[in-house]
Every structure is written in structure tokens, then in C-alpha cells.
Amino acid sequence: AVKETLKEMSEEDAVEGIADFLEQFRENTGFDFEKDVLASLGGEVAVAAAVPEKLRIPDAVALLEVKDKEKFEKMLPKLLPLQPMGSETYEGVTIQSFQLGPVPAAYALLENCFVFGTDVSAVKSVVDAKRSGVSLATNPAFRSAMSALGEGAHVAYLDIGSAMPLLLSVAGHFASEWSHEPAETES
């Protein structure tokens, strides 16, 4: 139904829908999306997920480059009108935790980066990586893969070696399910 609706929309309808969203955003937050929010952000976004060893929701983070930390920090309460469950300082960084439906979540604002994660430990791992200087960007296999791409490429990267325990766990689950299913017989 969504695909059909989008196909039926004209360019004019899409522009009008975006204009309506921007106006509602301004009314609800008091901020101009382009002049306030986008102007305070840089052009880089990263999303990372740690591959769990067993089937479960992975620790994941989204990082947004922040150009104007003070401005962005002042907007946060209106941009994320969430009821914090707690706050802690880790390595000099304040991490706010809250419940996002049934999932715990957390966020922090580093020097030039807004970090939104599935929980406090996910945000702490970004703080640790930032402090240690060890991250995906320093991983030789990742650097090799990135060097083959042109600038401005959109990238998804999976370290198969790290993902192997999860892949084997999932394969084992399906194999045990299949072995319990009765075989179909021909009549």
C-alpha cells in the first residue's frame, strides 16, 4: 500500500508533504529544521552494530557529526522529548539513558559527535573507541576495503570473522528446526 501511495504522489505532493513536515517540526520544537538543526550538524553519519554471538537485539549506535555543539546541546531536550531514566558520567562524558518502547536506549554528546545507542554500554564503547583511538577506521581490513572505493561512497561493512559465531548459531537453530519437521510424502 505504501509503494502504491508513493507512486501515485506527484512531485508537487511530495514537496507539499515535506513543507508540512517542516512546519509541524517548527511548531512542535520551536526550531527551523534547516537553519537550526541541519546547520548545527556536519555531513557525516555512521551506524554501527556489534554482531552478537547469539540471536538477540545487537548493541547498535548511530553517530551524527556535530558542527555546533552548544547549539545542538540546547536543542536536544526538544528534539528528543524523552523521559530520562538516568544519567551517568563516564570518562568525562554525560550519558543519558531512557526507555524507547520496550528497548533501553541512551545518548551522549561528545566533542563533535552525537551518539545514540541501544543502551548505555553501546554508548560507552563509542566513548572508549574515541578515547583509545582504536576504531573501525583503524582496522586494516576496513581501511583496505575503503581505499578501493571512491570518495563519498555509501558503505556497509561486515567483519565476517566477528559475525561467524552468530551465523553458526542461526544455522544451528534452523538445522534443528528442519530436522524436527516431518518429511512430506507423496500420495
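Looking at heavy atoms from C-beta onward, Lys78 lies in side-chain contact with Phe31 at the 4.5 angstrom threshold. You'll find the side chain of Thr94 reaches within 4.5 Å of the side chain of Ser87, heavy atoms only. Put simply, the side chain of Tyr107 does not reach to within 4.5 Å of the side chain of Val123, judged on heavy atoms. At least one side-chain heavy atom of Val126 sits under 4.5 Å from a side-chain heavy atom of Leu110. Residues Leu109 and Val66 meet the side-chain proximity criterion, which asks for heavy atoms closer than 4.5 Å. Side-chain contact between Val120 and Tyr90 is absent, with no heavy atoms from C-beta onward closer than 4.5 Å. Residues Lys69 and Asn112 are not in side-chain contact: their nearest non-hydrogen atoms beyond the backbone lie 4.5 Å or more apart. Side-chain contact between Asp36 and Met75 is present, with at least one heavy-atom pair separated by less than 4.5 Å.
The distance from atom CG of Leu76 to atom CD of Gln96, rounded to the nearest 0.5 Å, is 9.0 Å. Rounding to the nearest 0.5 Å gives a distance of 9.0 Å between CG of Asp32 and CG of Leu38. A distance of 11.0 Å separates CD of Glu65 from OG of Ser40, quoted to the nearest 0.5 Å.
One N or O on the side chain of Ser132 and one on the backbone of Asp128 form a donor-acceptor pair closer than 3.5 Å. Side chain of Thr138 to backbone of Val134: no donor-acceptor contact under 3.5 angstrom is found.
In terms of heavy-atom proximity, Ala108 sits nearest to Val93 at CB-CG1, 3.7 Å. Of all the heavy atoms in Val61 and Gly117, the pair that sits closest is CG1-CA, 3.9 Å. Residues Ala122 and Thr118 approach most closely at CB-OG1, 4.0 Å, considering heavy atoms.
Sequence neighbours left out, the pairs with a member in residues 63-87 that pass ring-ring contact (aromatic ring centres under 6.0 Å, His included) are Phe72-Phe114.
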> What's the verdict on salt bridge (charged side-chain N to carboxylate O under 4.0 Å, His left out) for Lys124 and Glu88, showing C-alpha distance, side-chain angles and the deciding distance?
Replying inline: CA-CA 11 Å; Lys124 284 181 177 179; Glu88 70 176 88; 3.0 Å; yes

>> Leu79 vs Val37, test: side-chain contact (heavy atoms from CB on, under 4.5 Å). Steps then yes/no.
In response: CA-CA 9 Å; Leu79 296 176; Val37 179; 3.9 Å; yes

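Heavy-atom contacts from other residues, nucleotides or ligands closer than 6.0 Å to NZ of Lys74 number 12 or fewer. Other residues, nucleotides and ligands contribute more than 12 heavy atoms inside 6.0 Å of the CD atom of Glu27. For Glu91, the CD atom sits in a packed shell: over 12 heavy atoms of surrounding residues, nucleotides or ligands are nearer than 6.0 Å.
The aromatic rings of Phe33 and Phe21 stand perpendicular to each other, their planes meeting at an angle above 60°, with 30° marking the opposite boundary.
Between Arg131 and Glu111 there is a salt bridge, since at least one side-chain N of the basic residue sits less than 4.0 Å from a carboxylate O of the acidic one.
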